[in-house]
Amino acid sequence: MFVKVCGLRTVADVDTAVEAGADAIGFVFAERSVRRVDPELAARLAARVPDDVLTVGVFSDVSATAAGEIAVAAGLRAVQLHGDYPHTAFADLAGVPVQLIRATALKPTTDVEVGAFGEDMLLLDSPVAGSGERWDLATLDGAWPQGKWILAGGLDPANVGTAIAASRPWGVDVSSGVESSRGVKDQGLIRDFVRAARSAT
């Protein structure tokens, strides 16, 4: 189970996620997010992360080209375009040395084929990213994506096991579900989440 912990902003939180065994760590650059970091802070935090843990820049309100430039400058190894980015946005990043994650809320028109936009991973999130709001897994009616798809939206240590059993994702992503208050990570919850995701069957 691939586990991504997102919205990290402190050395302690990054170190905790790495020590807990997270496969990926996300840094949010969205202007309106309480979890926003600037490129300088992201670079300092990413420098602490070992090579076997993927560092991800999460973008929602800039062009794909700008996102790629910021991610490369900060030393990140993946770009997550979150929202209604078109095919062309991912094409714009084709030559950038990063992995690509397409993150979107599930709508009737959402293409849930992994790689349909040229991405390496597909992340399905709740309608309001970072809100802690869960979405109804029944929406997919059992037609789960195949390959590297990540379940996000309202997950926490108590419910991630059930969510994994219900949808069988390749990976899971958490942000608000490991916070003591909005935007403030709880290191104990980070450890609990990774443990619960790893032990899910």
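Counting begins at 1 with the first residue of the sequence. For clarity, every value in this text was computed on a predicted model and none was experimentally measured.
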What I'd like to find out is whether the side chain of [X] reaches to under 4.5 Å of the side chain of [Y], using heavy atoms alone.
X      : Y      : answer
Leu189 : Pro157 : yes
Val172 : Phe193 : yes
Val178 : Asp186 : no
Leu123 : Trp149 : no
Phe29  : Pro39  : yes
Asp13  : Gln187 : yes
Val160 : Val174 : no

Can you give me the closest heavy-atom contact between [X] and [Y], atom names plus distance?
X      : Y      : value
Glu113 : Glu119 : O-OE2, 3.6 Å
Met1   : Pro169 : CE-O, 3.4 Å
Asp111 : Ala116 : OD2-CB, 3.5 Å
Val114 : Pro145 : CG2-CB, 4.3 Å
Val28  : Cys6   : CG2-SG, 4.1 Å
Ala17  : Leu8   : CB-CD1, 3.9 Å

Using distance alone, with no hydrogens and no angle criterion, decide if Asn159 and Thr162 have a side-chain donor and acceptor under 3.5 Å apart.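 Distance-only check fails for Asn159 and Thr162.
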
Polar contact flag, side-chain donor to acceptor under 3.5 angstrom, Gln99-Lys148: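 There is no such pair between these side chains.
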
Aromatic plane relationship, His87 with Phe117 - under 30° parallel, 30 to 60° tilted, over 60° perpendicular: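 Parallel: the ring planes of Phe117 and His87 meet at under 30°.
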
Membership question, hydrophobic clusters at under 4.5 Å side-chain separation (ILVMFWY): are [Y] and [X] in the same one?
X      : Y      : result
Val112 : Leu81  : yes
Val184 : Val14  : no
Leu76  : Ile150 : no
Leu45  : Val18  : yes
Val96  : Leu100 : yes

Quick check: does any side chain N or O of [X] sit under 3.5 Å from a backbone N or O of [Y], one acting as donor and the other as acceptor?
X      : Y      : result
Asp23  : Lys4   : no
Thr16  : Arg191 : no
Arg198 : Gly21  : yes
Arg9   : Val34  : yes

Could you grab the distance from atom OG1 of Thr104 to atom CG of Leu122, nearest 0.5 Å is fine?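 Here the interatomic distance stands at 8.0 Å.
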
For Tyr85, all residues meeting ring pair (Phe, Tyr, Trp, His ring centres under 6.0 Å), sequence neighbours excluded: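 Partners of Tyr85 by the ring pair (Phe, Tyr, Trp, His ring centres under 6.0 Å) criterion come out as none, since no residue qualifies.
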
Going by atom type alone, with no hydrogens or angles, which donor-acceptor pairs under 3.5 Å involve a side-chain atom of residues 51-72 and a protein atom two or more places apart or on another chain?
residue: Thr55; atom: OG1; partner: Arg77; partner atom: N; Å: 3.2
residue: Asp61; atom: OD2; partner: Glu31; partner atom: N; Å: 2.9
residue: Ser63; atom: OG; partner: Ala66; partner atom: N; Å: 3.0

Could you go through Asp120 and Ile101, starting from their C-alpha distance and side-chain angles, then the distance that decides it, and tell me whether this counts as side-chain contact (heavy atoms from CB on, under 4.5 Å)? CA-CA 6 Å; Asp120 298 289; Ile101 302 173; over 6 Å; no

